[in-house]
Enquirer: 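Before anything else, here's the structure in question.
For the numbers below, each heavy atom of this structure counts, side chains included, while hydrogens, waters and symmetry mates do not. Proteins come first, then strands; the chains are lettered A, B, ... in the order of their sequence lines, and each starts at number 1.
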There are 2 protein chains.
Amino acid sequence: MKIGELSERTGLPASRIRFYETSGLIPAADRAPNGYRDYDASMIERLRMIDLAKSLGFSLEEISGLMATSPGERPSCETVSAALEEKLTAIDAHMKQLRETRRRVESTLRYLKENPGAENHADVSRIRF
Amino acid sequence: MKIGELSERTGLPASRIRFYETSGLIPAADRAPNGYRDYDASMIERLRMIDLAKSLGFSLEEISGLMATSPGERPSCETVSAALEEKLTAIDAHMKQLRETRRRVESTLRYLKENPGAENHADVSRIRF
DNA sequence: CTTGACCTTAAACCATGGTTTAAGGTTTAG
DNA sequence: CTAAACCTTAAACCATGGTTTAAGGTCAAG
């Protein structure tokens, strides 16, 4: 399979697939005699897997670390589970941070509604959280 | 006040203050005869204001847009309130997205616990959300 | 008069996740 | 045979928010 077909079947642009290769996220592709990259059908699943992990909030570096155990080997179920648990914790921390920011935005908003004359920097910076 | 003192009083590195200037977020500073930037005390509040806005989730471009009404003028209370309301909405959308991702991570985790043999890409990519 | 602390600039560099472009080789249909 | 469609590479570019570096000017103390 040439890169164009792999691109169509995964929905990822060919440029991104090449980028993943140069980034070391996927191994260097086999080459046809004309120099074109030649992919195995298994690469479809592998790219979908990467896309799934990305949509779950994993960075390319994290994905790279998860994929790359011994060459040819697959990450163990436990390794992936542990990464997912960590990701849950990270999401929870992110949500907590977001809630705190939301609270601070609301507090600022409240201050402005209660003090409609506060139009300069000094006034606004007087807000305390 | 030279940039070093402004830096100390705001807690922002001088490099960042210069960057804000070249980015157009703050106006070009007055210069002392020796060419050094010379700041007015009001810049302390202005930078603190920027830092506050940043901590509330505003990008430098958003802050720039909010600060820059007519030169010398301050954004109206209504303009700022509207921006804060929009930011609340954006935060809510972000949190919703984060909850959805969390749900998908948990779902994946559940799948792995229920199917401990699923060690290859094809297996994992078979997960449905 | 020299040393150190402070200031200046432009330009390069960092991370993240790519896309775009330029210049060219290959292949396939008509 | 030619044109379109596909492939190759390296390098530049994008956004975001800066920091770091190099090469130099200025200023205060001793």
Side-chain angles (χ1 to χ4, degrees), chain A residues 1-40 43 46-68 87 90-91 94 97 101, chain B residues 1-40 43 46-68 87 90-91 94 97 101:
Chain A
M1 190 191 332
K2 284 181 287 185
I3 200 171
E5 188 182 344
L6 182 61
S7 169
E8 267 189 27
R9 313 239 282 193
T10 56
L12 307 179
S15 66
R16 195 178 304 172
I17 298 171
R18 291 194 197 95
F19 169 70
Y20 284 172
E21 179 179 320
T22 61
S23 307
L25 182 50
I26 56 178
D30 288 344
R31 298 297 177 131
N34 59 10
Y36 289 11
R37 288 176 180 79
D38 184 19
Y39 293 100
D40 193 86
M43 188 54 78
R46 182 151 183 171
L47 285 176
R48 283 185 185 154
M49 184 64 208
I50 288 172
D51 212 40
L52 169 65
K54 237 160 51 88
S55 80
L56 295 182
F58 290 89
S59 68
L60 297 190
E61 194 176 357
E62 287 172 323
I63 296 170
S64 195
L66 275 173
M67 297 285 207
K87 191 52 67 182
I91 288 174
H94 191 164
Q97 154 72 47
T101 300
Chain B
M1 190 189 335
K2 285 181 286 186
I3 200 170
E5 187 182 345
L6 183 60
S7 169
E8 267 189 26
R9 314 240 279 194
T10 57
L12 307 180
S15 64
R16 194 177 306 173
I17 298 172
R18 290 194 197 95
F19 170 70
Y20 285 172
E21 179 179 318
T22 61
S23 307
L25 182 51
I26 57 179
D30 286 345
R31 298 297 177 131
N34 58 12
Y36 289 11
R37 287 176 181 80
D38 183 20
Y39 294 100
D40 194 86
M43 188 54 78
R46 182 151 182 169
L47 285 175
R48 284 186 184 152
M49 184 63 208
I50 288 172
D51 212 39
L52 168 66
K54 238 162 50 88
S55 81
L56 295 181
F58 290 88
S59 69
L60 297 191
E61 193 175 358
E62 287 172 323
I63 295 170
S64 195
L66 275 174
M67 298 285 206
K87 192 52 68 180
I91 288 174
H94 191 165
Q97 153 73 48
T101 300

Enquirer: Protein within reach of the bases, or only the backbone? For nucleotides 2-8 of chain D, mark each nucleotide 5' to 3' as B, S or -, using heavy atoms under 4.0 Å.
Expert: ----BSB
Enquirer: Does any non-hydrogen side-chain atom of B:Ile26 lie less than 4.5 Å from one of B:Ile50?
Expert: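 With C-beta onward as the side chain, the pair touches.
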Enquirer: Please find the pair of heavy atoms, one from B:Tyr39 and one from B:Met43, that lie closest to each other, and give the distance.
Expert: CD2-CG, 3.8 Å
Enquirer: Hey, is CD on B:Glu5 packed in by over 12 heavy atoms from elsewhere, all under 6.0 Å?
Expert: yes
Enquirer: Apply side chain to side chain contact (heavy atoms under 4.5 Å, CB included) to residues A:Thr101 and B:Lys87 and explain how you reach the verdict.
Expert: CA-CA 10 Å; A:Thr101 300; B:Lys87 192 52 68 180; over 6 Å; no
Enquirer: Report the residues that fulfil side-chain hydrogen bond (donor to acceptor under 3.5 Å, both in side chains) with A:Asp40, sequence neighbours left out, ordered by chain and then residue number.
Expert: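 A:Asp40 satisfies side-chain hydrogen bond (donor to acceptor under 3.5 Å, both in side chains) with A:Ser42 once adjacent residues are dropped.
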Enquirer: Is it true that a side-chain atom of A:Asp38 and a backbone atom of A:Arg31 form a donor plus acceptor pair closer than 3.5 Å?
Expert: no
Enquirer: Where do N or O atoms of nucleotides 16-18 of chain D meet protein N or O atoms at under 3.5 Å, pair by pair?
Expert:
unit_1	atom_1	unit_2	atom_2	d
D:dG18	OP1	B:Arg16	NE	3.3
D:dG18	OP1	B:Lys54	NZ	3.4
D:dG18	OP2	B:Tyr20	OH	2.9
D:dG18	OP2	B:Lys54	NZ	3.1

Enquirer: Using atom types as modelled, flag every donor-acceptor pair under 3.5 Å from a side chain in residues 13-20 of chain B to any protein atom, sequence neighbours excluded.
Expert:
none

Enquirer: Tell me, please, which residues at least two apart from A:Asp51 pass side-chain hydrogen bond (donor to acceptor under 3.5 Å, both in side chains).
Expert: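 Not a single residue meets the side-chain hydrogen bond (donor to acceptor under 3.5 Å, both in side chains) criterion with A:Asp51.
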Enquirer: Do you know which two heavy atoms are closest between A:Ser7 and A:Leu12, and how far apart they sit?
Expert: OG-O, 2.7 Å
Enquirer: Taking the axis from the first five pairs and the axis from the last five, what angle separates them in the helix from C:dC1-D:dG30 to C:dG30-D:dC1, rounded to 10 degrees?
Expert: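 Answer for the end axes of this duplex: 30°.
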Enquirer: Using side-chain heavy atoms (C-beta onward) and a distance below 4.5 Å, is A:Arg46 in contact with A:Pro27?
Expert: yes
